[in-house]
2 protein chains.
Amino acid sequence: MPTAKPTDAPIDLKAAPARRTRGGPKGLRITDVAAQAGVSPITVSRVFNNPASVAPETLERVRQVVQKLGYVPNRLAGGLSSARSRLIAAIVPTVAHSLFSETIQVFSETMSRAGYEVLLALSGYSDTNEESLLDTVLSRRPEGVLLTGVAHTDSLRERLRNVGIPVVETWDMTDTPIDMLVGFSHYQIGVAVAERFLARGAKRPGLISASDVRALARRAGFRERLAQAGMTEVAEAIVAPPSSVATGKSALPRLLQDAPDVDAVFCGSDLLAIGALGAARRMGLEVPGRLAICGFGDLEFATETMPRLTTVRVDGMRIGLSAARALLDRLDGGLERAFVDVGFRVVGRESG
Amino acid sequence: MPTAKPTDAPIDLKAAPARRTRGGPKGLRITDVAAQAGVSPITVSRVFNNPASVAPETLERVRQVVQKLGYVPNRLAGGLSSARSRLIAAIVPTVAHSLFSETIQVFSETMSRAGYEVLLALSGYSDTNEESLLDTVLSRRPEGVLLTGVAHTDSLRERLRNVGIPVVETWDMTDTPIDMLVGFSHYQIGVAVAERFLARGAKRPGLISASDVRALARRAGFRERLAQAGMTEVAEAIVAPPSSVATGKSALPRLLQDAPDVDAVFCGSDLLAIGALGAARRMGLEVPGRLAICGFGDLEFATETMPRLTTVRVDGMRIGLSAARALLDRLDGGLERAFVDVGFRVVGRESG
DNA sequence: CTGAAAGCGCTTACAG
DNA sequence: CTGAAAGCGCTTACAG
C-alpha cells in the first residue's frame, strides 16, 4: 500500500485561491509577451501602437516573441482603455443585389487601409428599427458612422449629434444633414427623367416604383416636373421593396391595364426596368418606339444587354470613397465638414 | 479690490488630484444609471443581460432611467469583462456585384436576429493577406468566423483551430475543413458543365475563366471530364478577377482567334457569359446553335434577359443561412459540426 | 431578487 | 527610450 490514500483526504476547495480566470487559460496576454521579451507591458503596447517610440532592438525582440507566441492584442481591452475602438459603423438597407454593395465595398477597403474596421448593420427597408439598430451599433463605440439616406427620426439625429462622432449621410441630399453628406438628389433625378421623356415627345408618362423614401422622392420630382408641363395625371404602379425583375414584369401589365396609352415609364430600378422590358416584349410593344423605359442604377448588366433601356447612372463607388475620406479627415483632426453632391447622369442608349 | 487675486496666485497643478478621465465627460456609465435608479450597477447590468432575474418594478424603473438618459452600454467593456464579444467575423473576397453579397445579407440578418453583430472583412482575391486580415479580425475576439473558400494557409488553419471558436468555411468543398463547412464542389460543377456540353454534341469546348482558386477548380473538373471523353485540348482564355461583362466581351474574340472551331464555352461567371454573348452576337455567331455559352451564378438578370444562356445555379442565400445556423448551434452549446453540401444545378433555358 | 469586491487586458499620463 | 501605477466600464462569482 502506498503511504498516502489520495482519495480519502478531502480536498479543501476553499483553501485554493479562488481563481478569477474567466475566459479560461487560452488567451495570451500582453504580459505573457512582455515577460518573454524581458520588457514591460507598456513597451509591448508601444510596439503595436507607436513602434517609432521603441528602440530598434527592443522592437525586433518583442516582435519575435509576438510572432513565436502568435499573440494578437485584445482590442476590446485596448479600445476600452484608449477610448478608441478603431471601428466604423455602416448602416445600409441591404448589400444584396444592389448599388449599396459597391459603396460598402469601396468604403470598407478605404477604411481598412486606414486601420479601421467596418461594423456592418443592415437596416432593411423599414425605418422602424433604425434607432434600435443604432443603439446596437453605438454600444461598440464606433469612431464614425455611415448612414444611408437622410430620413431619420429627430431622436436619432439628436442622439447621434450628442455622441459627437463624425457622421456621413449618403445616397440622398438635404440642406440639413446631421453632420456630413455625400449623395445626390433623388428629386432632381425624377425631374431629369421627366424632362427626358418630355423631350422625346412622350404624351402619357407612367411610373413603376418601390415605396421607399428615396424612390418616393424620385417620384415626386418626376410628377412635379410633368405637372409643370401640364401632365397632372401620371399612371403608377407602386411595388414593395426589394425590387426584382419579376416585380417589374408583373407591374407593367397592371400599369397598362389602368392606363393603356402610357408611352414612357420610369422604373424605380434597373431590375424593375428589365422586368418591364421583358413584359413589353411579351405584349408586343416596341421599346422604345411604342414604350420608352427608364431604369435607375445603371447596372453594367442592364446597359450592356439592354441597349434600348435608358437609365440613371449613380456612382456608388465614388460615394463609398468620398464618405470614407470625409470620415477619415475628421478623425485625423480635420475640422471641415464634407458636403458632396456626386450628381447623376441620365444614360440613354436608345438614341445614341 | 477683491480679497484674492486669482491670476497672481500660481496654480499648483500637483495639488489637484490627477484626473484620469480620458474619454472626456461625455459618456454615460452604468453607474450613472444605477445612481439615478437607486440600484447597484450589477442590477443595471442584469436589466440588459438577464432581465428575467430582476424584479418587475426594478426592471421598469431602471428602463425608464435608461430611456431618459439615453444610456447605451459599452460593449467594449462588457465584452472584455464577460469574454463574450457578441461579434461574428465574416471574411469574404468582395461584396460588390456578387453572389457573396447574398450570402452576407442572409448571414448578417440571421446573426443579428440572434443578438450578434457582423464584422465584415474583405479579403479581395489575393490570398496573401488573408492571414493578416485574420489577425485584425481576431483582435476583436469574435465568437465565430465565416470564411470564404477552403484554401487557407496551414498556419491560418492551425491558428484558427487554436482559438477554439466555431468556424464555417463556405462556397467550396473539402474533406478536411478547419471546423464546419457549408458549400459545394466547384470541381463537380466543371464536370457537370462538361457533361452538358458533351450531351449537346459539342466537339470543341472552350473556357473563359478568372484565375482564382474556385474558378480553377471548376476548370479542373471541366477539363478532366472532357479528357475522359477524349478531348484533351481545351482552348482557354484566363482573365484576372474581378470578372465583368467587359472582360467577357473581350475574351471571346481572343479565344476564337486561338481556336476558331470552339463551339461551346464555359464562362467563370454570368457576367463573363453575358459579355461573351454580346461578343458572339457582334461576330454573327448564333447562340447556342453555333456557340453554346454557359455561365455561373444564375443571376436573375442573366437568366431573365438572356434566355439562350445556360448557367449554374448556386444558392448563396442558403449558404448564408446554413452557415449562420451552424455557428449559432455551436454557440448555443451544440456539439455537432455542420457539414453541408448545398449542391448546384445546371440551368439551361436554351433547350426548354 | 440584489449587491460589494475583484478582475477582464489593455493604455494613459506621468516620471525618469 | 522605458516603466509603475491607476483606471477604462463593465460582469463574474459569490453571498445573502
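In what follows, every chain begins at residue 1, and chains take the letters A, B, ... in the order their sequences are listed.
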At under 4.0 Å between heavy atoms, what does [X] touch on the DNA or RNA strands: base, sugar-phosphate, or nothing?
X	value
B/T43	sugar-phosphate
A/Y71	sugar-phosphate
A/T58	sugar-phosphate

Flag, side chain of [X] to backbone of [Y], donor-acceptor distance under 3.5 Å:
X	Y	result
B/R161	B/I178	yes
B/T110	B/V106	yes
A/N74	A/L76	yes
A/E143	A/S85	yes
B/T148	B/I91	yes

Distance check needed: [N] [atom2] versus [X] [atom1], whole Å only.
X	N	atom1	atom2	result
A/D32	C/dG9	CG	P	9 Å
A/R29	C/dC10	CZ	P	8 Å
A/I30	C/dC8	CD1	P	14 Å
A/N50	D/dC1	CG	P	10 Å
A/R75	C/dG9	CZ	P	17 Å
B/L59	C/dC1	CG	P	10 Å
A/L80	C/dG9	CG	P	12 Å
A/F48	C/dG9	CZ	C1'	13 Å

Could you check which of [options] has an atom nearest any side-chain atom of [X]?
X	options	value
B/A55	C/dT2, D/dA13, D/dG3	C/dT2
A/P56	D/dC1, C/dT11, C/dG3	D/dC1
B/R46	D/dA13, C/dT11, C/dC14	D/dA13
B/N74	D/dC10, C/dG9, D/dC1	D/dC10

Less than 4.0 angstrom between a side-chain N/O of B/S40 and OP1 or OP2 of C/dG3, yes or no?
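Looking at the OP1 and OP2 atoms of C/dG3, one of them is under 4.0 Å from a side-chain N or O of B/S40.
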Where each residue is assigned the nucleotide of DNA chain C containing its nearest heavy atom, which of B/V54 and A/S45 is assigned the position nearer the 5′ end?
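The residue closer to the strand's 5' end, by nearest nucleotide, is B/V54.
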For DNA chain D, please output the secondary structure as dot-bracket, reading 5' to 3'. Pairs are Watson-Crick or G-U wobble, both atom distances under 3.5 Å; mark crossing pairs with [ ], other-strand partners with |, unpaired with a dot.
|||.||||||||.|||
Kindly determine whether B/L331 and B/Y116 satisfy side-chain contact (heavy atoms from CB on, under 4.5 Å), including the steps that lead there.
CA-CA 11 Å; B/L331 290 169; B/Y116 291 87; 3.6 Å; yes
Can you run down the salt bridge (Lys or Arg N to Asp or Glu O under 4.0 Å) pairs that involve residues 150-159 of chain A, sequence neighbours left out, and say none if there aren't any?
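Sorted pair list: A/E131-A/R159, A/D135-A/R159.
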Mapping A/I42 and A/A52 to their closest nucleotides on DNA chain D, which lands nearer the 5' end?
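Comparing both residues, the 5'-ward one is A/A52.
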Holding to side chain to side chain donor-acceptor pair (under 3.5 Å), I want the full list of residues that pass it with A/Q105, two or more places apart in sequence or in another chain.
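Only A/E109, B/T94 meet the side chain to side chain donor-acceptor pair (under 3.5 Å) criterion with A/Q105.
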When you measure only distances, ignoring hydrogens and angles, does the side chain of A/S81 come within 3.5 Å of the base of D/dG7 through a donor and an acceptor?
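Flag set: donor-acceptor pair detected.
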